[in-house]
Amino acid sequence: MNDERNPGNGLSRRWMLSSVGAASAALAGCTDLLSDADAESDGNGPQNGDGGDGAPDGSRRWPAIADGELLSDFEDLTEWFPSDSDLSAAPDEARIGSQAAVIESDGRQARMGIRFADGIDLRGWDTSLAVKPESANKIVVEFLAPDRDATLSSVRTVPDEFDGWFRLDCGYEHKPRGEPDLSNVTRINVVAVGPEDEPTKMLVDDFRRTEAADNGKAILAFYGGHDSHYDIAADLLAERGWEGAVPVSSNRIGDQGRMGLAELSDLEDRGWDVCSYPQDSMALPEMPESRQRQVLETNRNALEAEGFEDGARHLFIPEDRMDATTNAVIRDVHESAFLFGSCTSGVPPTGMHTIPLIWGPALHNGVRRHINLADQYQVLTVLRIPRIVEDDDVHPDANRMSLNDFEHLLNHIEHRGLDVITPSDLVDGTFESDDDGDETFSDGRPEGTILEAGQSHAFEGTRASESLTIGLDDGVLSASFSHNGDGDFTVDLIPMGDGRDDSLVTTSGITAGESIAAVESGTYRLEVDADGPWSIDLFQPEVHADDLDSLPVEASGSGSGFVGPIWTDTDVRLELTHDGDGDFVVDGYGADGSRESIVNKTGAFDNSRSYRAGGAVWINIEATGDWTLEVTDS
């Protein structure tokens, strides 16, 4: 039986972007943006062109595509600058034109870059290229916008067995430095990362840009079709008007703890995709090609026979394992396919059969960052959701997700304003937003009283854990606390009915500080765990328009504290540093009750983050050392 935990072509209805004319952009060297208006390809297999723009035999060979605009066809390798690597031509491997390029080295990285002397504008564009990782298990594409201090990067994991051609969509995975300006990209680096103690080699071709979507997207994939996906997740998605995908193995439908045909049919009627996820005794790459085809077709056909024709077009690759033969069979049997890659993707992906996904429960290890970047740069994140359980004490690597974390995930997607779509939306081109894309935030500063004064409480105690009951009104809750002990000091705010748990204090040792949280009216339990004498004063302040600070705002401190209220029209940029060894947690709270987790790291930190603010907001900081904060317009 397959472990559902993360470890790691007929395109009859595929959405195709229209080819567009050549754009006027000045590129370094002799690189020009080339029009593909005369080339013909479905982007997925060998096609005969007019003989003027293709491989040596006059064809465009998969995974070259005709969409969008060329950034480089690798005909002139002097445009590219290798770094501690060898760059050469590969005529026999050409996907477009007369040659592909080979980048290789004796070390673990093979690197090359292309410069754009006057900068190139990639706002509103996705980038992709054809790659063949002959000896590479990770591919990194870096966008310097405009320099090394303002960088975006795409980091794509490659299955160990895979060494064939595929289409790499350069969705943004990291923002390691500064706040990049995509209107001025001056260099793009392509890096192959190979296995330990072995040479690294990768072929590349057909580097281009295609028009981006109007808004960031997310796909929620509920692997295995567990009962909790129907009993819990379906209702929570329905409240938001969202649909999901359920990858299932036809021979496990109705097993203990899994949905039956009635539940799956109900979800299909609600607009969900019931997708193929065949589970066999061995991984696909370990089977002969004929057996792989049989496994894929059998599961697809069984789903179609039960009325799931739309969803059966889409494959979630078992065990995230694939080699070149598997990929060829998948392209022939399915219209889209998903596998672990821990990266975002353009919308729609140009590599429709290698769409990357990420392990959904990893909220503090990439998932929230994916969601934020998908919002900021209009890309796609696909999230793998395992069985959902009531237990909150779930390790991120377990094959389950706590209900609290799942609700946190949905709230974060909703707060960032992503469109939740299905695989069929990608293939059929029905992924665009229904609205006009305008921000819903007010563009006018308020007047008078923003929040009325609420409750106030004061408590003190000793080492023993205590549970206290308090009443609160709608608004924000400010806490001033002290602790005179050597161990941990935590204060958790837990609603007695429906609502969201909040941590007011998470620190240790002798300390004093402040924190803030947004709360709804109701009765709460205050859970205090201390290692010595402690005190905490809680109050809900009255907030006036005159109290709001205008951007930019700078602050610094040590330990726990908060900054605000700040008035923001829309998204903001946070420059943050921390020099402590322990936890560094930064959350944003809005006067409207919204909350966004901005940073959740351990140790030193020096980086920027975006925050989807709007209106009156506060920035709450839990730190174990000195910190600085600068808040500016995004």
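Everything numeric here is computed off the predicted structure, so don't read it as measured data. In what follows, residues are counted from 1 in the order of the sequence shown.
Here the CE atom belonging to Met352 is positioned 8.5 Å from the OG atom belonging to Ser345, to the nearest 0.5 angstrom. The distance from atom CG of Leu357 to atom OH of Tyr223, rounded to the nearest 0.5 Å, is 4.5 Å. To the nearest 0.5 Å, atom OG of residue Ser154 and atom NE2 of residue His174 are 9.5 Å apart. In this structure, CD in Glu69 is found 4.5 Å from CZ in Arg209, a value given to the nearest 0.5 Å. In this structure, CZ on Arg313 lies 5.0 Å from CD on Glu335, to the nearest 0.5 angstrom. Atom CD1 of residue Ile388 and atom CG of residue Leu403 lie 7.0 Å apart, to the nearest 0.5 angstrom.
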Practice prompt. Assess whether side-chain contact (heavy atoms from CB on, under 4.5 Å) is satisfied between Thr624 and Phe584, documenting all intermediate values.
Written response: CA-CA 7 Å; Thr624 55; Phe584 181 53; over 6 Å; no
Item to complete: List the steps and the verdict of side-chain contact (heavy atoms from CB on, under 4.5 Å) for Val617 and Tyr611.
Response: CA-CA 10 Å; Val617 299; Tyr611 168 34; 3.7 Å; yes
Item to complete: Mind running salt bridge (Lys or Arg N to Asp or Glu O under 4.0 Å) on Arg61 and Glu93 for me, showing each step along the way?
Response: CA-CA 9 Å; Arg61 299 166 63 188; Glu93 291 278 3; 5.4 Å; no
Worksheet item: After noting the C-alpha distance and the side-chain angles of Ser610 and Asp571, does the key distance pass the side-chain hydrogen bond (donor to acceptor under 3.5 Å, both in side chains) rule?
Response: CA-CA 7 Å; Ser610 66; Asp571 297 0; over 6 Å; no
Worksheet entry | Derivation and outcome, side-chain contact (heavy atoms from CB on, under 4.5 Å), residues Val140 and Val155 | CA-CA 5 Å; Val140 181; Val155 183; 4.2 Å; yes
Discussion item. Run the side-chain contact (heavy atoms from CB on, under 4.5 Å) test on Leu237 and Leu410 for me, step by step, so that the C-alpha distance in whole Å, both residues' side-chain angles and the decisive distance to 0.1 Å come before the verdict.
Written reply: CA-CA 8 Å; Leu237 266 64; Leu410 298 187; 4.0 Å; yes
Item to complete: Run the numbers on Asn411 and Arg240 for side-chain hydrogen bond (donor to acceptor under 3.5 Å, both in side chains), then give the verdict.
Response: CA-CA 10 Å; Asn411 289 336; Arg240 297 165 169 83; 2.9 Å; yes
Fill in: Stepwise side-chain hydrogen bond (donor to acceptor under 3.5 Å, both in side chains) test for His314 and Ser336
CA-CA 5 Å; His314 317 295; Ser336 73; 2.8 Å; yes
Item to complete: Please report the C-alpha distance between Glu414 and Trp242 in whole Å, then the side-chain angles of each, then the deciding distance to 0.1 Å, and finally whether the side-chain hydrogen bond (donor to acceptor under 3.5 Å, both in side chains) criterion is met.
Response: CA-CA 10 Å; Glu414 185 174 28; Trp242 297 347; over 6 Å; no
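Between the side chains of Asp126 and Thr210, no donor-acceptor pair of N or O atoms lies under 3.5 Å. Inspection of the Ser608 and Arg573 side chains reveals no N or O donor paired with an N or O acceptor under 3.5 Å. For the residue pair Asp606 / Thr577, no side-chain donor-acceptor distance below 3.5 Å is found, with atom types taken as modelled.
A donor-acceptor pair under 3.5 Å is absent between the side-chain atoms of Asp206 and the main chain of Ile96, judged by distance alone. With Thr157 contributing its side chain and Ser342 its backbone, the two residues share no donor-acceptor pair below 3.5 Å. Checking side-chain atoms of Thr326 against main-chain N and O of Ala324 turns up no donor-acceptor pair under 3.5 Å. Using modelled atom types, no side-chain atom of Lys217 and backbone atom of Val347 make a donor-acceptor pair closer than 3.5 Å. Panel note: side chain Asp214, backbone Glu432; no donor-acceptor pair is recorded below 3.5 Å. Side-chain atoms of His370 never come within 3.5 Å of backbone atoms of Tyr172 as a donor-acceptor pair (strictly under, hydrogens ignored). Distance alone, capped at 3.5 Å, is enough to place a donor-acceptor pair between the Asp121 side chain and the Arg123 backbone.
Between His412 and His415, a ring centre-to-centre spacing not shorter than 6.0 Å is recorded.
With respect to Pro159, the side chain to side chain contact (heavy atoms under 4.5 Å, CB included) criterion is satisfied by exactly one of Asp320, Thr354, Leu339: Leu339. Under the salt bridge (Lys or Arg N to Asp or Glu O under 4.0 Å) test applied with Asp375, the options Arg612, Arg368, Arg369 reduce to a single match, Arg612.
Gln376 has its side chain within reach of Glu179: a pair of non-hydrogen atoms, C-beta onward, lies under 4.5 Å apart. Residues Ile413 and Leu220 have side chains in contact (heavy-atom distance under 4.5 Å, counting atoms from C-beta outward). Between Asp419 and Asp425 there is no side-chain heavy-atom pair separated by less than 4.5 Å. Residues Leu380 and Ile355 meet the side-chain proximity criterion, which asks for heavy atoms closer than 4.5 Å. Between Met322 and Leu284, every side-chain heavy-atom pair lies at or beyond the 4.5 Å cut-off. With a 4.5 Å cut-off on side-chain heavy atoms, Ile317 and Ile330 count as touching. Met401 is listed as a side-chain neighbour of Ile385, based on a closest heavy-atom distance under 4.5 Å. Put simply, the side chain of Leu152 reaches to within 4.5 Å of the side chain of Leu182, judged on heavy atoms.
Between Ala192 and Thr200 the shortest heavy-atom distance is O-CG2, 3.5 Å. Taking both residues in full, the closest heavy atoms of Glu622 and Thr506 are given as OE1-O, 3.3 Å, listed atom of the first, atom of the second, then distance. Minimum interatomic distance between Asn184 and Asp118 (heavy atoms only, all atoms of both residues): OD1-O, 4.2 Å. Contact between Asp169 and Gly351 at its shortest, heavy atoms only, is OD2-N, 2.9 Å. Among all heavy-atom pairs drawn from Ala245 and Trp272, the shortest one is N-CE3, 4.1 Å. For the pair Leu576 and Phe605, the tightest heavy-atom approach, listed with the atom from each and the gap, is O-CD2, 3.7 Å.
Between Arg208 and Asp67 there is no salt bridge, since no side-chain N of the basic residue sits under 4.0 Å from a carboxylate O of the acidic one. Salt bridge annotation for Glu173-Arg156: absent, with no cationic side-chain nitrogen under 4.0 angstrom from a carboxylate oxygen.
Heavy-atom contacts from other residues, nucleotides or ligands closer than 6.0 Å to CG of Asp160 number 12 or fewer. Crowding of Lys138 atom NZ: a count of heavy atoms from other residues, nucleotides or ligands under 6.0 Å not exceeding 12.
The cationic group of Arg115 lies under 6.0 Å from the six-membered ring centre of Phe81 and within 45° of the ring axis, placing it in a cation-pi geometry. Both the sub-6.0 Å distance and the 45° axial angle are satisfied by Arg331 relative to the ring of Trp62.
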